[in-house]
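See structure below.
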Amino acid sequence: MAVSEISRCTYHVFLSFRGEDTRKSFTGHLYTALVHLGIQTFRDDEEIERGNNIKDEIEKAILHDSKISIVVFSKNYAASTWCLNELVMILEHKKSSKHIVLPVFYDVDPSQVKNQTGSYAEAFTQHEQNFKSETNMVQRWRNALKEVAAIGGMVLQDRHESQFIQDIVKEVQNKLHLISLYVPPYLVGIDSLVTQINQWLEQDGANKVGIATICGIGGIGKTTIAKVVYNQNIPRFEGYSFLADVRETSQDCNGLVRLQSQLLSDILKGKSHKIYNIDNGINKIKEVVCCRRVLLVLDDVDELEKIRKLMGTQIPFHLGSKIIITSRNRCLLNAHFISQMFDSEASTSCGGLSKLFEVKELASSESLQLFNWYAFGHNSVPESSMAYAKSLVKHCGGLPLALQVLGSSLSSKSVSSWKSALEKLEEIPDSKIQKILRISYDSLEDNHDKNLFLDIVCLFIGKDRDYTTTILDGCDFYTTIGIENLVGMSLLIINEKNKLMMHQMIRDMGREIIRQESCDIGKRSRLWHKNAFDVVREKIGSRTVKCLTLDLKGLLEDKAKRTNTTLHFPKNSKSQFLMANDVDMETQAFAKMKRLKLLQLDYVRLKGDFKDFPKRLRWLRWHGFCMQSFPVDFDINELVVLDMRNSKLKQVWKDTECLPNLKILNLNHSHSLLKTPSFSGLPSLEKLMLKDCINLVEVDQSIGELKMLTFLNLKDCTSLRKLPRTIGSLISLEELILSGCSRLDDVPRELHNMESLKVLNLDETAIYQSRLGLQWLLLKRSKGLGFSWASLPGSLVKLSLESCKLSNDVMPNDLCNLASLKSLNLSRNPIRYLPESLKYLTELDQLLLTSCTELQMIPKLPVLLDVFECNFIFGVNSSLLPRFFSSTRCVNIFGCEKLTEVEDLFKVEPIENFGAEEIRRLFNVDSINRNRLQLYSYLTDSIMLATPQVLQECGITSTFVVGSEVPIGFKHRTNEHRISFFLPTPSHPDEKIHRFSLCIVFSLASDQMLELLPGVHIFNETKRIMQRYRSSFIGIPQTNDNTMLWLIHWPVTDCQFEGGDLVSCMVVPMHLSIRKFGVTCESEHNIGYEYDFSHLSTGDEVSTRNIKIDLTKFLLSLESYGNVKVQLCSYIEESKVVASPQVLYDYGIITAFDPMPFDYYGHYFGNQAGKTEVSLSVPPNSSRKISCFLNSIIIFSAKNDNTNEFLPFLEIVNETKGTKWTYSKHFTGILGTKNTLYWFTCWDFRGGELEAGDHITLRVLSDLSVLEFGIDLVFDYELDDNPNSFKQLPWMSECFKYLLGAFIYILSKSQKDLYRLQSLVKS
């Protein structure tokens, strides 16, 4: 059967099966295997459009749209009349056409099917009872089963399912004569990336040339993914070729000519062309690619020059052609190469379609699936092998090649063999895996990068990039460019914390390269752990050794774990570890290691002199150094980094030591150190760490000579009383940490000279404790001593004075000299108010006032301006809880128990300050119960016991009082949390609704009440105007049975609410038990009121662009507290982009608060609770509006406590146009059964992708339970071409507003949890 003949069919294969038996197991795997080979397969649950006649669709698929039917017979197949009718139809079609039938006997014998015995007999007994009047139909079913069983098909028998599926796929390929590449029958974790690449191939496919790289480390699955994409897309191109192993083949004699011949033969459908040389081949390739759309896949390309030699430059590709390259080098393609490779017309179009798709490691659950498939032939593990399987999977680190090799090698092996294999892998990596991985190492251009890689493998995985660069630059490496090359070759990763990370198997490959240098471990270039210990203990080192790392403490702990014994180390005494483990070695063991540059000797005790010790050391790390001073005969003149943490040094060296190259000196936790060394001989020192040197009493005067010093840490040096005045000479110092120096009461005025100082931390110092109120204060200051605000340098960006016992007596009136300050921490100080001078700190974006228990009032400050703006981002003319957290700025006031006012934000006053008439006007009541009650503040996380308090915030006034009945003055009443009513028709044209009065009778419904802010929403359903108010306070009833009144005075502006409008009021959250709810409205002639808090915003003042970017920046530093975790991706780029439509934002928030209802304001076109699919029709839109945004909110819940990651998929289908888009996101983090996860996305549709009248469906696929699922559509006017230019607000619909609110809530809650944790620690 010719390929062209097959291409006229919609499907190659029709799958007939009993869904309940095999849909999610065997048939599902078979379907996936067929599709991955490009075999278009019909499966009823995938292919039938909803709403169509199912019977007609299946009949059409069998009779007209497919060439072969695969009938999967399972135990309960005959119980389905649907399946039997389908079988009859298939066999009738076979008689009248060339339709092929392939029976597959999954868990039944062909004789059972033919003779209808066993479960088939039981099924027909039931059929004969049900269809007594239709005996002819039952007989047709019997005849069909006999006929199909006689055809002869494929039987599972004792084979593994994986092998069985592979055999079926081969049989289908043979029968269809398809030209496709082999891929393994069972693949996991690739669907999302395959979908993204397919979408890229389809993007402007007929008009533009495109080139893409699929990159990743060796064995990650690049070639497999490329084959799957190739198989699925070859029918769409006029010519296609897959050139495998370009790197290896091109190195053979005439290898490039063979590749050229294959490319021409593939494109020309087998026609052979004689190629005489490479140049001749290039000319012929240009001739054939210029006149047809081609798909070219160049597999395993290591350098661009090979592509140039293969196809030349200025290639005239036909429009719509696509080139896919697989490579370990993620930086392979560049703009210069693209301009050279393509002719001028193609290169212009190609620039925008050049893409990079990076293949990531499999998740742990996916890894286990793949491993099980190769080890057992199915996705389940025998209990006896489970522990070993998980250990082996963890060892593979999500690398598919390793999982396949190890799984296959252990198939059918005993448990003891598994145990032995695991032990061997920990010492000697698998050779097959290493051979593949080593290709990346061998592809490095020179020995420089290879040696750099091996040094990082041994010493610097997990270390800071800048720290590593400092060390290796001192070892004559060009580290910066070298690291870039390693990252480009997928051998190294720089994580978000700037740490050097590496895949475990890449690390093992590097260490295996070193291990193979020599059978004699003493002659290897680099030594670590057990080998290093043996070489030093046995004194067998040689000149070859350049790097040696030995952590004796870690080594002995690891040995204890292996032997299941426990080592008991004295608490807080790491240096005593050696005394408990008498392991002494001799300095003579290092005498022959003349080339040693990098040395780690943690907790090692050496005997002997150091005169023959290596003299070329650049990095020395010796934690737990047990001597009281450095040996005089220890030559360390070439050191770049000296790390002596946890040492027993009393003085570092006796005389001045000349170390001209030393850049980092780390003496942290050296508890015996009394005085710092002289710094006169350290002209290059950049970082000095003396943290937790608890007996340090003096810093040497020579510190002022360190003109290159940028970082000085003296944290927790509790014996230090003063600093030398020469410290003011540190002209390059950027960060000075003095926190925890509890006796430090002198900070020299010379700090003012430190023009580079940006960070100063003085937490818990004594700078004000010993002087307050003493007469000699002024005298002492006059001598130029003591702390003075005026002595602070104007360059400061961050200043922390937490727990310094600051009072208003010493707070300055003028802070103009700190104009650059961005962060100020005054937490845990007895200040009553903030000085007015703070308002001049216009750059301040963080003000921390945690546990300032005497603080009463905060004036209006620049730091609060963004907070004000953020309050009103939720909607037009909305009032919200005043937040102290914006996207970029925050004010932390947790624990400020006496705080009653923040100017222009909120104010709390006792009810006694208000007269009876004012109370009646505000709250529509004649009197108020003045019994004392508890009032909780969300802002300060504190509880006040007092008479009722009147809260004014954002123009709304409210109070909480003890009570159980709604007063008579409230016209509209209900016992529910929501009430709706029509506004009365005005009696006068000028009469306007000017306020609402609300009374809510509530009690406690949940212990989580204090974690959720109480809120009220007023929705004008007629005008579709929403107003929201979230109170920053809540009254606490004494018990769950007691009730309380929440009275709210809510002014509204003209025209928002008019007579005849339908209004709904609703109380949130549901954690409040609403007993009664009353609302009334008042109208007057045009009368203007002035409120204390008039700062309102219409929402259109706010720039969404700034909010979006700053949100991303802030969230990345948030991390997690407790079980609250936030994950965020900003504008989707690179491989995560959905080509069309574009995903503008993709946010996920994992938290513990319950879902808010989505339909209370009636905005969403589609919303379902507990459903996985929502449909809607696109409404008509103005002709000027050319863009449409589809926003989605999905709330998931974990099914069990073991859920720690999952990969949900979103699928959007335009049923009218027959187009489909898919998108996925990988979430990691602890969920737990009580937690929920919110996923928000915004899709930007353009160019007619969604039009009025189109029926669209959005589906979510996930293993997690879907609690809520909502979507809405927002049309927009013409936007900027720049996708990051968010200059308008229409796309910020309820989805994004809800997201921002949820984010701010979580940020507030996480900071509150951190405050509570710190409070517990400090108490």
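Side-chain contact between L403 and L401: absent, with no pair of heavy atoms (C-beta onward) separated by less than 4.5 Å. Side-chain contact check for L259 versus T249: some heavy-atom pair is nearer than 4.5 Å. At least one side-chain heavy atom of D167 sits under 4.5 Å from a side-chain heavy atom of M154. By the 4.5 Å heavy-atom criterion applied to side chains, L15 and T27 are counted as neighbours. Residues F371 and L362 form no side-chain contact, since every pair of their non-hydrogen atoms from C-beta on lies 4.5 Å or further apart. The shortest distance between side-chain heavy atoms of L492 and I456 falls below 4.5 Å. A 4.5 Å side-chain heavy-atom check between V457 and M502 finds at least one atom pair inside the cut-off. Looking only at side-chain heavy atoms (C-beta outward), N198 and V194 come within less than 4.5 Å of each other.
Rounded to the nearest 0.5 Å, atoms OG (S25) and CG (L30) are 11.0 Å apart. To the nearest 0.5 angstrom, S414 atom OG is 9.5 Å from L410 atom CG. Atoms CD1 and OG, on I70 and S16 in that order, are 10.5 Å from each other to the nearest 0.5 Å. Atom CD in Q404 sits 7.0 Å away from atom CG in L370 (nearest 0.5 Å). The CG atom of L102 lies 9.5 Å from the OG atom of S69; values are rounded to the nearest 0.5 Å. Rounding to the nearest 0.5 Å gives a distance of 10.5 Å between NZ of K360 and CG of L193.
Using a 4.0 Å cut-off between charged side-chain N and carboxylate O, D455 and R526 make a salt bridge. The pair D299-R247 does not meet the salt-bridge criterion, since no charged nitrogen lies less than 4.0 angstrom from a carboxylate oxygen. The pair K523-E517 fails the salt-bridge criterion, with no side-chain N (NZ, NE, NH1 or NH2) lying under 4.0 Å from an Asp/Glu carboxylate O.
A donor-acceptor pair is defined here as one N or O able to donate and one able to accept, closer than 3.5 Å; such a pair exists between the side chain of Q434 and the backbone of M509. At least one donor-acceptor pair under 3.5 Å links the side chain of S490 to the backbone N or O of R328. At distances below 3.5 Å, not a single donor-acceptor pair connects side-chain atoms of Q232 with backbone N or O atoms of V229. Proximity of a side-chain donor or acceptor of S119 to a complementary backbone N or O of K75 within less than 3.5 Å is detected. Side-chain atoms of D300 never come within 3.5 Å of backbone atoms of V246 as a donor-acceptor pair (strictly under, hydrogens ignored). With T326 contributing its side chain and K222 its backbone, the two residues share no donor-acceptor pair below 3.5 Å. With hydrogens and angles ignored, the 3.5 Å screen pairs a side-chain donor or acceptor of D551 with a backbone N or O of G554. Side-chain N or O atoms of N531 include none that pairs as donor or acceptor with a backbone N or O of L527 at under 3.5 Å.
No side-chain donor-acceptor contact under 3.5 Å links S518 and D520. Under the 3.5 Å distance criterion, with hydrogens and angles disregarded, no donor-acceptor pair is assigned to the side chains of N329 and D302.
In plain terms, the two heavy atoms of L555 and K530 that are nearest each other are CD1-N, 3.8 Å. In terms of heavy atoms, Y31 sits closest to T41 at CE1-O, 3.6 Å. The nearest pair of heavy atoms linking S443 to I439 is OG-O, 2.8 Å. When all heavy atoms are compared, the tightest approach of I234 to N231 is CG1-O, 3.7 Å. Nearest heavy-atom pair across L548 and A532 is CG-CB, 3.9 Å. Between S411 and A375 the shortest heavy-atom distance is OG-O, 3.2 Å.
A distance below 6.0 Å separates the ring centres of F164 and F26. A ring-centre distance under 6.0 Å is found for F376 and W418. For W373 and H160, the gap between ring centers reaches or exceeds 6.0 Å.
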Test side-chain contact (heavy atoms from CB on, under 4.5 Å) on L399 and H503 and set out the steps. CA-CA 9 Å; L399 195 67; H503 191 282; 4.0 Å; yes
Decide yes or no on side-chain contact (heavy atoms from CB on, under 4.5 Å) for L298 and I324, but give the supporting numbers first. CA-CA 6 Å; L298 308 179; I324 296 175; over 6 Å; no
Go through the steps for I514 and C458 under the test side-chain contact (heavy atoms from CB on, under 4.5 Å), then give the verdict. CA-CA 10 Å; I514 297 167; C458 291; 3.4 Å; yes
Using side-chain contact (heavy atoms from CB on, under 4.5 Å), reason through I217 and L491 one step at a time and then give a plain yes or no. CA-CA 7 Å; I217 63 175; L491 290 169; over 6 Å; no
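In E538, the CD atom is crowded: over 12 heavy atoms of neighbouring residues, nucleotides or ligands sit closer than 6.0 Å. Counting heavy atoms of neighbouring residues, nucleotides and ligands inside a 6.0 Å radius, atom NZ of K450 exceeds 12 of them.
Cation-pi contact between K227 and Y182: absent, since separation from the ring centre below 6.0 Å together with deviation from the ring axis within 45° is not met.
Relative ring orientation between F73 and F105 is described as parallel, the plane-to-plane angle staying below 30° on a 0-90° scale split at 30° and 60°. Ring geometry for F42 versus F14: interplanar angle under 30°, hence parallel rather than tilted (30 to 60°).
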